[in-house]
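Quick caveat: nothing in here was measured; it's all calculated off a predicted structure.
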Amino acid sequence: MPVTYKTDSSGVYPKLTVNSKVDAVGTENATEGTRELEEFPGYYIHVPKNALGKKKVPLVVMIHGRIRNGLMEVEKFRGLSEKHGMILLTVSSIEPGYWDVVRDLIDGNIKYSITPYGVEIYNFKPRDVYKLDSALKYVLNNQAIDPERIALVGFSDGGSYSYFLGRNNQKFFSRIAPLSAMAQFYGEDDPQSKSQFFISGGLGEGPLTNQVTRMAALLRSKGHSVKTQIGLRGHVDYVEDQEFVWQWFKNSWDNPKVTDSVPATRDSEVLLSLDALDKLSTFWDGFIQLPDSIRNTSRMKEQREVWVRVGNEWSTVIMMDLKTMCELHPQINDLLSKAGLTVEAADMFRRSIIETVYTIEAGFDQDPPDSSSVIGKTLKFKPVEKSSVLYKNIEFYKENKDRFRELFKLKILGLQ
């Protein structure tokens, strides 16, 4: 039975025929390691050692970005599969580097419209969807997969394709993670499916910070639980960032309410000042001159997730765990002391700067918020309260842009 599509005046939506409850008949994960599926060239499965046996385990389906393939993805991310005990399936597009709907959009072979609910497409002729549908049935037939714990994740064009497949097949994918998706495809949202979303972008990706927040609000308005995350990065898919996505898979499957948990406080923690910028400049000027083994290698190993404000919305951001770094490298303590900062103060000031920049990037410093973004344009967001610390920090930022630019050159927004 082929993949089915709904085609009407509102667009084309891919409906996979694979059924997790019917097709998940595999009884054992007998062989560990990575192998290419002979029946589906370019598709790779990794079975971690701790997934062996007859117990049904989660499946993570990974969609690659442009000019990548399934082999690259399985080699890059199978460590996360091993760590979390989840089977990883990485898939390759039939045309190397380009998924069918993305290729057709680039070539102008399909009609589309950009709406407040996502990119709607017409005249689409699927190729990759057919192969993926058959491969998923094969995996569920031959591996012990928990039908309630199947996740879809992709970065860049893979993130766009995760919207395309995920939003239209929520009965199959219970967790959907579009990361740095360049196109937010429309879907027939099904709140009854209880699918949850993890949406991310990087501060260095410009308009994507706007789209992440708006798409999250749109999906919440449809009844979905959504977690958003902003990385202090450009358009880069770090393994360290995906670690937090995979941890979210586990946590949200164990406790579905975890996605909806946000801090009780409703404001930024600390007011910015020129004195604070001077102290941060002194510290970061010293930090970026530390050896690469500390500044980059150790920093990327010691990451933590913290909550930040985006207007009146909430997100998380990945930051260096400064406290742990100080414990590992005493010279960082020396830099803080020289700058007149404590670990706590340095973290609070940095978070306030991130919240300020993130709020402005997402257009939530406007009253009403900027509506230049089509996605979620019909949503009504509360303006930032003028009595809040965040509002005062935004005003301070606008008055001292040159001073902030000098600080940003020290990579305070580029080193997470």
Worksheet item: Quick check, are the ring centers of Phe124 and Phe164 under 6.0 angstrom apart?
Response: yes
Worksheet item: Is the backbone N or O of Arg167 less than 3.5 Å from a side-chain atom of Gln170, with the two atoms forming a donor-acceptor pair by type?
Response: yes
Discussion item. Side chains of Gln184 and Leu208, heavy atoms from C-beta outward: is any pair under 4.5 Å?
Written reply: yes
Worksheet entry | Sidechain-backbone polar pair: Thr282 side chain, Ala339 backbone, donor-acceptor under 3.5 Å | no
Worksheet item: Going by an N to O cut-off under 4.0 Å, is there a salt bridge joining Asp347 and Arg350?
Response: no
Worksheet item: Would Gln143 and Asn29 count as having a side-chain donor-acceptor pair, cut-off 3.5 Å?
Response: yes
Worksheet entry | Residue Phe396 excluded, over 12 heavy atoms near CZ under 6.0 Å | yes
Fill in: Listed partners of Val226 passing side chain to side chain contact (heavy atoms under 4.5 Å, CB included), at least two apart
Phe197, Ile199, Ala216, Leu219, Arg220, His224, Thr228
Discussion item. Minimum heavy-atom separation for Gly206 and Glu361, please, with both atom names.
Written reply: O-OE1, 4.0 Å
Worksheet item: So, for His64 and Tyr161, is the gap between ring centers shorter than 6.0 Å?
Response: no
Practice prompt. Report yes or no: do Lys137 and Thr17 form a side-chain donor-acceptor pair below 3.5 Å?
Written response: yes
Worksheet entry | Pairwise side-chain contact, Arg66 with Val102, heavy-atom cut-off 4.5 Å (strictly under) | yes
Item to complete: With rounding to the nearest 0.5 Å, note down the distance linking CZ in Phe283 to CG in Leu322.
Response: 5.0 Å
Discussion item. For Trp248 together with Phe244, are the ring centres under 6.0 Å from each other?
Written reply: no
Worksheet item: Is it true that Arg233 and Glu205 make a salt bridge, defined as a side-chain N closer than 4.0 Å to a carboxylate O?
Response: yes
Discussion item. With heavy-atom distances below 4.5 Å as the criterion, would you say the side chains of Ile353 and Phe408 are in contact?
Written reply: yes
Worksheet item: Has Phe173 got more than 12 heavy atoms of other residues, nucleotides or ligands less than 6.0 Å from its CZ?
Response: yes
Fill in: Arg403 and Glu406 ion-paired at < 4.0 Å
yes
Discussion item. Before you tell me yes or no, could you show the steps for Thr259 and Gln196 under side-chain hydrogen bond (donor to acceptor under 3.5 Å, both in side chains), namely the whole-Å CA-CA distance, both residues' side-chain angles and the distance that decides it to 0.1 Å?
Written reply: CA-CA 8 Å; Thr259 304; Gln196 295 192 24; 2.3 Å; yes
Worksheet item: Taking C-beta and beyond as the side chain, do Val153 and Phe77 meet within less than 4.5 Å on heavy atoms?
Response: no
Worksheet item: Between Lys131 and Asp100, is there a side-chain N and carboxylate O pair less than 4.0 Å apart?
Response: no
Practice prompt. Walk me through it: do Phe155 and Ser200 pass the test side-chain contact (heavy atoms from CB on, under 4.5 Å)?
Written response: CA-CA 9 Å; Phe155 177 84; Ser200 81; 6.0 Å; no
Practice prompt. Please determine if Arg175 forms a cation-pi arrangement with Phe249, meaning its NZ or CZ atom is less than 6.0 Å from the six-membered ring centre and no more than 45° off the ring axis.
Written response: no
Practice prompt. Would you please test Arg103 and Asp128 for salt bridge (Lys or Arg N to Asp or Glu O under 4.0 Å) and show each step?
Written response: CA-CA 11 Å; Arg103 177 81 269 178; Asp128 288 306; over 6 Å; no
Response to the item:
Distance col, row Arg127:CZ vs Ser93:OG, nearest 0.5 angstrom, shows 10.0 Å
Item to complete: Step by step, work out the salt bridge (Lys or Arg N to Asp or Glu O under 4.0 Å) result for Lys21 and Glu148.
Response: CA-CA 8 Å; Lys21 293 180 174 59; Glu148 302 294 334; 3.4 Å; yes
Worksheet item: With distance as the sole test, does Asn169 use its side chain to make a donor-acceptor pair with the main-chain N or O of Leu16 at under 3.5 Å?
Response: yes
Worksheet item: Any donor-acceptor pair under 3.5 Å linking the side chain of Asp157 with the backbone of Met182?
Response: no
Worksheet item: Are the side chains of Thr90 and Leu71 in touch, meaning some heavy atoms are under 4.5 Å apart?
Response: no
Practice prompt. Report the C-alpha separation of Leu232 and Ile318 in whole Å, then their side-chain angles, then the decisive distance to 0.1 Å, and conclude whether the side-chain contact (heavy atoms from CB on, under 4.5 Å) test is met.
Written response: CA-CA 7 Å; Leu232 305 182; Ile318 302 302; over 6 Å; no
Fill in: Side chains of Leu37 and Leu89 in contact at under 4.5 Å (non-hydrogen atoms)
yes
Discussion item. Between Glu243 and Lys83, does any NZ, NE, NH1 or NH2 come within less than 4.0 Å of an OD or OE carboxylate oxygen?
Written reply: yes
Worksheet item: Any donor-acceptor pair under 3.5 Å linking the side chain of Asp104 with the backbone of Asn109?
Response: no
Practice prompt. Please name the residue in the list Val308, Leu271, Asn393 that meets the side-chain contact (heavy atoms from CB on, under 4.5 Å) test with Ser352.
Written response: Asn393
Item to complete: Determine whether more than 12 heavy atoms belonging to other residues, nucleotides or ligands lie under 6.0 Å from atom CD of Glu385.
Response: no
Worksheet item: Do Asp133 and Lys15 meet the salt-bridge criterion of a basic N to acidic O distance under 4.0 Å?
Response: no
Worksheet item: Looking only at atom types and distance, does a side-chain atom of Ser180 sit under 3.5 Å from a main-chain N or O of Ser156, one as donor and one as acceptor?
Response: no
Discussion item. Looking at Asn312 and Pro383, would you say the former's side chain and the latter's main chain have a donor-acceptor pair under 3.5 Å?
Written reply: yes
Practice prompt. For the pair Ser92 (side chain) and Gly70 (backbone), establish whether a donor and an acceptor sit closer than 3.5 Å, ignoring hydrogens and angles.
Written response: yes
Practice prompt. Please assess His329 against Met325 for the test side-chain contact (heavy atoms from CB on, under 4.5 Å), listing each intermediate value before the final yes or no.
Written response: CA-CA 6 Å; His329 309 288; Met325 288 288 284; 4.0 Å; yes
Fill in: Residues, nucleotides or ligands: over 12 heavy atoms within 6.0 Å of Lys76 NZ
yes
Item to complete: List the steps and the verdict of side-chain contact (heavy atoms from CB on, under 4.5 Å) for Thr356 and Leu390.
Response: CA-CA 7 Å; Thr356 301; Leu390 177 58; 4.3 Å; yes
Fill in: Within-4.5 Å side-chain heavy-atom neighbours: Val129 and Val101
no
Discussion item. Closer than 3.5 angstrom, by distance alone: can the side chain of Glu355 be matched with the main-chain N or O of Arg309 as a donor-acceptor pair?
Written reply: yes
Item to complete: Report yes or no: does Arg299 contribute a side-chain atom to a donor-acceptor pair with the main-chain N or O of Gln416 at less than 3.5 Å?
Response: yes
Worksheet item: Does some side-chain heavy atom of Met86 sit less than 4.5 Å from a side-chain heavy atom of Lys250?
Response: yes
Discussion item. Are more than 12 heavy atoms, taken from residues, nucleotides or ligands other than Lys411, located less than 6.0 Å from that residue's NZ atom?
Written reply: no
